[in-house]
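Whatever order the structure lists ligands and atoms in, that order sets their numbers, starting from 1.
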Amino acid sequence: MDNTGGHLTRDGIRIYNRDDFAGMHTAGHLAAHILDELAPLVFPGQTTGVIDKAIEQMVNDAGATSATIGYKGYQHASCISVNHVVCHGIPGGKLLKDGDILNIDVTVIVDGWYGDTSRMYVAGKLPRKAERLIEVTHDALMLGIEAVKPGNTFGDIGHAIQSYVEAQRMSVVRDFCGHGLGRVFHAPPNVLHYGRAGTGPTLEEGMFFTIEPMVNLGRPETKVLADDWTAVTRDKSLSAQFEHSVGVTSDGVDIFTLSPAGVFHPTYTS
Ligand code: MF3
Ligand code: CO
Ligand code: CO
């Protein structure tokens, strides 16, 4: 089939229509705009719970819906993952301290379309090793996105990310992956952040998915805490993550969650 959209591939991946890109842009723009507003809220002595409440307010003020509140019992408008927390950190009353690095992940629903994006922030002064981790993680995401075009495979994306990260002597988390999205939050395929070039499903125009590599300074293994959400590095090493929602175009990629203010990276300088 050509670009008429509205069907599933053999791998169960939905092919969206040209018109559907507009819906994803609107949702992605709101999620990215909300992240743009957060840097002033991140400072030593602040709590992640207060940041989350500000996010929830912004989602509501925009007339949108949080995708995470009520999702599998999750109760917050964001995941906030501090230091050795890999992902799915639950906002709460703990105080941020100088030099903490944190990923803030926001997913909104606008007119039924999902926008899912995350970035890194710092409370106070950014430690040198953390800065390097954040740089590498951001660049790994962008290298993965550069591999997005029709005819390439999902393995090409994973390979671009893994080969770069490991050359920097850091590791790629295997236990969590990106995902298809669109009018649903999580859909096929699993977008692995590691792999071999030329393997996996072939990318086609009209596929929508996230790329969201988690990179550790130490080993890649993770474990989930007793709250059933918080994933941490087993060796307690620092972890970072960046996430964009993207669509495959006729000749490349459309990033739905670009920062309207141009501060996707490094947000922590503002
Ligand atoms: N936004 C996350 C992702 O990138 C999912 C969070 S689900 C939650 O897929 F329930 F933990 F919020
Ligand atoms: Co995601
Ligand atoms: Co996300």
Side-chain angles (χ1 to χ4, degrees), residues 13-14 24 27-36 38 48-49 51-53 55-56 58-59 64-82 85-92 102-110 113-121 137-138 140-142 144-145 148 154 157-158 161 172-193 207-215 222-232 239-247 253 255-259 264-265 267:
I13 304 170
R14 184 158 296 282
M24 289 299 284
H29 184 275
L30 176 62
H33 169 68
I34 290 171
L35 293 188
D36 282 355
L38 298 180
T48 55
I51 298 169
D52 179 72
K53 281 295 167 197
I55 292 166
E56 185 176 347
M58 284 189 265
V59 174
T65 303
S66 165
T68 53
I69 297 175
Y71 178 78
K72 296 185 177 172
Y74 195 79
Q75 295 179 2
H76 304 273
S78 63
C79 297
I80 304 186
S81 303
V82 183
V85 179
V86 172
C87 63
H88 301 163
I90 302 174
L102 44 153
N103 174 278
I104 306 181
D105 190 338
V106 171
T107 310
V108 298
I109 313 170
V110 180
W113 296 100
Y114 284 69
D116 185 4
T117 182
S118 79
R119 299 177 201 161
M120 296 302 294
Y121 300 80
T137 309
H138 172 270
L141 168 59
M142 300 318 286
I145 290 174
V148 177
F154 281 94
I157 298 172
I161 293 168
V172 174
V173 169
R174 313 289 202 271
D175 300 338
F176 299 91
C177 56
H179 48 92
L181 85 172
R183 286 193 187 279
V184 290
F185 197 171
H186 294 107
N190 287 332
V191 180
L192 305 183
H193 304 113
M207 289 179 175
F208 297 165
F209 53 89
T210 72
I211 307 178
E212 47 183 299
M214 287 138 275
V215 174
T222 71
K223 66 176 179 188
V224 175
L225 300 185
D227 61 23
D228 278 343
W229 282 106
T230 312
V232 300
S239 188
Q241 180 178 27
F242 283 85
E243 175 175 26
H244 270 315
S245 298
V246 305
V253 64
I255 304 176
F256 300 129
T257 46
L258 284 176
S259 163
F264 185 68
H265 175 71
T267 295

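At least one N, O or S atom of His179, from either the backbone or the side chain, sits less than 2.8 Å from the Co ion (ligand 2).
Under the 6.0 Å cut-off for aromatic ring centres, His179 and Tyr114 do not qualify, their centroids lying 6.0 Å or more apart. Between Phe242 and His244, the ring center distance fails the sub-6.0 Å criterion.
The two atoms that bring Cys87 and Gln241 nearest to each other are CB-OE1, 4.0 Å, heavy atoms only. Considering every non-hydrogen atom in both Ile104 and Ser78, the closest pair reads CG2-CB, 4.3 Å. Taking all atoms of both residues into account, the shortest heavy-atom contact from Ile109 to Ser66 is CD1-O, 4.4 Å.
Listed by chain and number, Thr68, Tyr71, Tyr74, Cys79, His88, Asp105, Thr107, Asp116, His179, Phe185, His186, Glu212, Trp229, Glu243 each place a non-hydrogen atom less than 4.0 angstrom from ligand 1.
Thr257 contributes no side-chain N or O that, together with a main-chain N or O of Gly28, makes up a donor-acceptor pair within less than 3.5 Å.
Under the salt bridge (Lys or Arg N to Asp or Glu O under 4.0 Å) criterion, Arg183 pairs with no residue, sequence neighbours left out. For Lys53, the salt bridge (Lys or Arg N to Asp or Glu O under 4.0 Å) test picks out Glu56, with sequence neighbours left out.
With waters neither drawn nor counted, the protein N/O/S atoms under 2.8 Å from the Co ion (ligand 3) amount to 4.
Counting non-hydrogen atoms of other residues, nucleotides and ligands closer than 6.0 Å to CG of Asn190 gives a total of 12 or fewer.
Using a 3.5 Å distance cut-off with no hydrogens or angles, the side chains of Ser245 and Asp116 do not pair a donor with an acceptor.
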